[in-house]
Amino acid sequence: MTAPKAPLPSDSPSSKDFIRDIVEDDLRSGKHAGVVTRFPPEPNGYLHIGHAKSICLNFGIAQEFGGRCHLRFDDTNPVKEEVEYVDSIQEDVRWLGFDWGDHLYYASDYFGQLHDWALQLIRDRKAYVCELSAEEMRLHRGTLTEPGKPSPWRERSVEENLDLFARMRAGEFPEGSKVLRAKIDMAHSNMNLRDPVLYRILHQSHHRTGDQWCIYPTYDFAHGQSDALEHITHSLCTLEFEVHRPLYEWFLANLPVPSRPRQIEFSRLSLTYTVMSKRKLLQLVKENHVEGWDDPRMPTISGYRRRGYTPESIRNFCSQIGITKFKGLTDVGVLEHCIREHLNAIAPRAMAVLDPLKVIIENYPEGQVEEMEIANHPSHPEAGTRNLPFCRELYIEREDFMEDPPKEFYRLGPGREVRLRGAYFLKCHSVIKGDSGKVVELRCTYDPETRGGNNPPDGRKVKATMHWVSARHAVPAEVRLYDRLFKVESPEAGDDDFLSLLNPDSLKILSDCQLEPALARAMPGDRFQFERLGYFSVDPKLSRPGSPVFNRTVSLKDSWAKVKGQ
RNA sequence: UGCCUUAUGGUGUAACGGUAGCACAACAGAUUCUGAAUCUGUUUGUCAAGGUUCGAAUCCUUGUAAGGCAACCA
């Protein structure tokens, strides 16, 4: 079974936003000849859907304006960073459909240059070695409403600073004993300008530079200069860096950098029913609340990939939500809409019964088997057809039968008739129950005049069409249903421990599902619509040849569930 | 009792001094061999008060609310 050659919905044209307006102005005015952006993840975790927003923005702008986008790892803190993350980030960006070409960089590539620039600031009397402890420094810094006090080490001589900084680098001092600070303004209303730290001592080996350094630059001292070294024109970041911008500009103004990038901030993505903080995602993984970074319930790129999302749907989502400075909360329903829209267009249909209820067709010949020809996609005839075996014993969805159905329920019940999709009309005559009173089997008859599911000559109509599989031919399989990971809309909002807000029913494993025979040959990553149920894809980790495990990517919209819920 | 930022239907966004539009959601109807999809229609909005202007969501003032900032994290 192959996916139909349905036209992919092309990414909807990115709507204009205030950042694209700025880029366009800068190009038109001649301020820049071309645009260069960058995506600068810290390799301390896996990428999530919020990063996808930034990736689509940065790579998207580069594409639209004929520029380029760099992938740069912001690896200035060896305590938290690992190569596993470096690798997963590259895989995820590529999977999303973006290409950085030759422009793969690391902030650690610039450690030498950054060190030279630190020396220059010392010589210019704009930086000094400070021996205050972290606690003392905090006390000296003042508060939001009171100015800070200068460090007692603030007025050291250039020679002494040079000597001390060299010995910091040489490894003569323990961690935390000394830092290099910029000399700016201890009374500034922006705390970031109250003599920020430029370098700290970390006796820690780095995933790229090994033990070459034991002093490491801070984010503030590395980021803007890295941008400048790469001739980034527009440095796009999230809102929490807004207060860092004056510092970003201070370094560019006080150092002989080769270019002058501009930092512009936008709002990060928040999604209902999920957490986006890397710290919390890491905790979910480390404490085994999920099966890993790529657990299909995780809002990570790898989680969505494993769950069956397409890169197109995620890109489309990112362009739908837009870019602003307003800190909102996006309904996860928008993401779900995007994946339904794409999968509806491309996913071949299949029959699967998740909670089987046996049906015996009493007037169907005992030994007979028919091949019923069914379309692979209702709106794409070019996707072809397949044959499904039909016989006297079937499975239908338990949920599609009610012994005492209300008026609004128009599926099967005693004395009721329905259509089996692509097969025959089926009428229920009696119900067989087990010892506990549970319905275990239905006795039905079929109408031979409705072959292929067509209306009979007498003009009889039915309200419902249901999915089914042949009990003699179906293959058993495991199917995993996922629900939102958290019970509440904004698990990050209150003071509650977010773990207490986890949805205990976020994963449901169904081990007794019955699938149409061809599904046994489905390959990892294959996506289908199980008719009337939702979109499902073959789990790449849990499946074995000939026995796939299916993940539910997203359910179909279900207006019966609404009626039922009232 | 600091500085900075933001505010448009239920949600996310557009309108760059000139008809408040789009998407999701919701609701109604049509259609349907998926209670899906598709089609048609409907409901709901410029935080507040002043000011500038022929004209303000847009500019100005004041207020209100929300968010960010006091790591040797990014």
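In the text below, chain A, chain B and the rest are named by the order of the sequence lines, each starting its count at 1. Predicted, not measured: the structure shown is a model, and the values here were computed from it.
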Original post:
So what is the 5' to 3' dot-bracket string for RNA chain B, if pairs are Watson-Crick or G-U wobble with both distances under 3.5 Å, crossing pairs use [ ] and | means the partner sits on another strand?
Top reply: .((((((..((((....[..)))).(((((.......)))))....(((((..]....))))))))))).....
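Residue whose closest nucleotide on RNA chain B sits further toward the 5' end, between A:Thr145 and A:Gly328: A:Thr145. With RNA chain B read from its 5' end, the first of the two nearest nucleotides for A:Lys53 and A:Arg340 is the one closest to A:Lys53.
Heavy-atom distances under 4.0 Å link RNA chain B to A:Val197, A:Arg200 of residues 196-206 of chain A, given in residue order. Using a 4.0 Å cutoff on non-hydrogen atoms, no part of residues 394-401 of chain A comes near RNA chain B.
B:A28: glycosidic angle beyond 90° from 0, hence anti.
Between the P atom of B:C24 and the CD atom of A:Glu489 lies a distance of 19 Å, rounded to the nearest Å. Distance A:Glu341 CD to B:C22 P: 17 Å, rounded to the nearest Å. The interatomic distance linking A:Leu329 (CG) with B:A66 (C1') rounds to 13 Å, in whole Å. Whole-Å rounding puts the A:Ile321 CD1 to B:G12 C1' distance at 8 Å. Per the geometry, CG belonging to A:Leu533 stands 12 Å off C1' belonging to B:G35, to the nearest Å. If you take NZ of A:Lys80 and P of B:A71, they are 14 Å apart, rounded to a whole angstrom. At whole-Å resolution of the value, CZ in A:Arg315 and C1' in B:A23 are 19 Å apart. Remark: P of B:C73 and CD of A:Glu81 are 11 Å apart, rounded to the nearest angstrom.
Using atom C1' as the reference point in both B:U13 and B:U34, the two lie 33 Å apart (nearest Å). B:A56 and B:U52 have their P atoms separated by 11 Å, with the value rounded to a whole Å. When the P atom is compared between B:A26 and B:A36, the two are found 11 Å apart, to the nearest whole Å. Spacing of P atoms, B:G67 relative to B:U11, comes out at 16 Å, to the nearest Å.
By the salt bridge (Lys or Arg N to Asp or Glu O under 4.0 Å) test, A:Lys126 is found to be paired with no residue, residues two or more places apart in sequence or in another chain being considered. For A:Arg419, there are no salt bridge (Lys or Arg N to Asp or Glu O under 4.0 Å) partners, not counting sequence neighbours. Among residues two or more places apart in sequence or in another chain, the ring pair (Phe, Tyr, Trp, His ring centres under 6.0 Å) test is passed with A:Phe425 by none. Remark: A:Tyr106 pairs with A:Phe73 by the ring pair (Phe, Tyr, Trp, His ring centres under 6.0 Å) rule, at least two apart or across chains. Scanning for ring pair (Phe, Tyr, Trp, His ring centres under 6.0 Å) contacts around A:Phe401 gives an empty result, with sequence neighbours left out.
Among the protein residues, A:Pro41 comes within range of no part of the nucleic acid, since none of its heavy atoms lies under 4.0 Å from any strand. Contacts of A:Leu132 with the nucleic acid, taken as non-hydrogen atoms under 4.0 Å apart, include base atoms. Residue contacts for A:Met137: at a heavy-atom cut-off of 4.0 Å it reaches a base atom on one of the strands shown.
For A:His337 and B:C24, the shortest distance from a side-chain N or O to OP1 or OP2 is below 4.0 Å. Proximity of A:Arg532 to the phosphate of B:G35: a side-chain N or O atom is located under 4.0 Å from OP1 or OP2. Residue A:Lys557 places at least one side-chain N or O closer than 4.0 Å to OP1 or OP2 of B:A25. OP1 or OP2 of B:A37 has not a single side-chain nitrogen or oxygen of A:Ser379 nearer than 4.0 Å. At least one side-chain nitrogen or oxygen of A:Lys562 sits closer than 4.0 Å to the OP1 or OP2 atom of B:A26. Listed pair A:Ser559 / B:A36 meets the phosphate criterion, a side-chain N or O lying under 4.0 Å from OP1 or OP2.
Just one residue in the list A:Arg552, A:Gln529, A:Arg527 forms a side chain to side chain contact (heavy atoms under 4.5 Å, CB included) with A:Tyr535, and that residue is A:Gln529. Partner of A:Asp227 under the side chain to side chain donor-acceptor pair (under 3.5 Å) criterion, out of A:Arg72, A:Gln263, A:His70: A:Arg72 alone.
Listed nucleotides: B:A74, B:G12, B:A37. Nearest to the side chain of A:Phe326: B:G12. Taking the side chain of A:Lys325 as heavy atoms from C-beta on, and the options B:U13, B:U5, B:U34, the nearest nucleotide is B:U5. Distances were taken from every side-chain heavy atom of A:Arg349 (C-beta onward) to each of B:U34, B:G35, B:A74; the shortest belongs to B:U34.
Side chains of A:Leu47 and A:Ile55 form a contact here, defined as non-hydrogen atoms less than 4.5 Å apart. Contact check for A:Thr553 versus A:Tyr309: side-chain heavy atoms found under the 4.5 Å cut-off.
Comment: A:Lys427 does not engage A:Glu417 in a salt bridge, judged by the lack of any side-chain N to carboxylate O separation of less than 4.0 angstrom. Checked for salt-bridge contact, A:Glu516 and A:Arg349 miss the test: no charged N lies under 4.0 Å from a carboxylate O. Salt-bridge annotation for A:Glu492 and A:Lys280: present, with a side-chain N of the basic residue lying under 4.0 Å from a carboxylate O of the acidic one.
No donor-acceptor pair under 3.5 Å is formed between the side chain of A:Gln204 and the backbone N or O of A:Cys214. Judged purely by atom type and a 3.5 angstrom limit, A:Asn376 uses its side chain to pair as donor or acceptor with the backbone of A:Ala383.
Stacking between A:Tyr219 and B:A74 is absent: the aromatic ring centre is not both under 5.5 angstrom from the base six-membered ring centre and within 30 degrees in plane angle.
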Original post:
Run the ring-ring contact (aromatic ring centres under 6.0 Å, His included) check on A:Tyr219 and A:His223 step by step: do they pass?
Top reply: CA-CA 6 Å; A:Tyr219 164 84; A:His223 202 93; 4.9 Å; yes
**OP:** Begin with the C-alpha distance, continue with both residues' side-chain angles, and end with the deciding distance and a verdict on side-chain contact (heavy atoms from CB on, under 4.5 Å) for A:Arg181 and A:Val129.
**Re:** CA-CA 6 Å; A:Arg181 292 226 255 170; A:Val129 172; over 6 Å; no
**OP:** Mind running ring-ring contact (aromatic ring centres under 6.0 Å, His included) on A:Phe530 and A:Phe536 for me, showing each step along the way?
**Re:** CA-CA 7 Å; A:Phe530 290 174; A:Phe536 294 77; 4.3 Å; yes
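Identified under the ring pair (Phe, Tyr, Trp, His ring centres under 6.0 Å) test for residues 450-470 of chain A, with sequence neighbours left out: A:Phe390-A:Trp468. Applying the ring pair (Phe, Tyr, Trp, His ring centres under 6.0 Å) definition to pairs two or more places apart or across chains, those involving residues 165-186 of chain A are A:His115-A:Phe165, A:Phe165-A:Tyr199.
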Nucleotides 67-70 of chain B: which of its N/O atoms have a protein N/O under 3.5 Å away?
| unit_1 | atom_1 | unit_2 | atom_2 | d |
| --- | --- | --- | --- | --- |
| B:A70 | O2' | A:Arg141 | NE | 3.3 |

Using the 3.5 Å cut-off, write out each protein N or O paired with an N or O of nucleotides 45-48 of chain B and the distance between them.
none

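Looking at A:Glu265, its side chain has no donor and acceptor atom pair within 3.5 Å of the base of B:U5.
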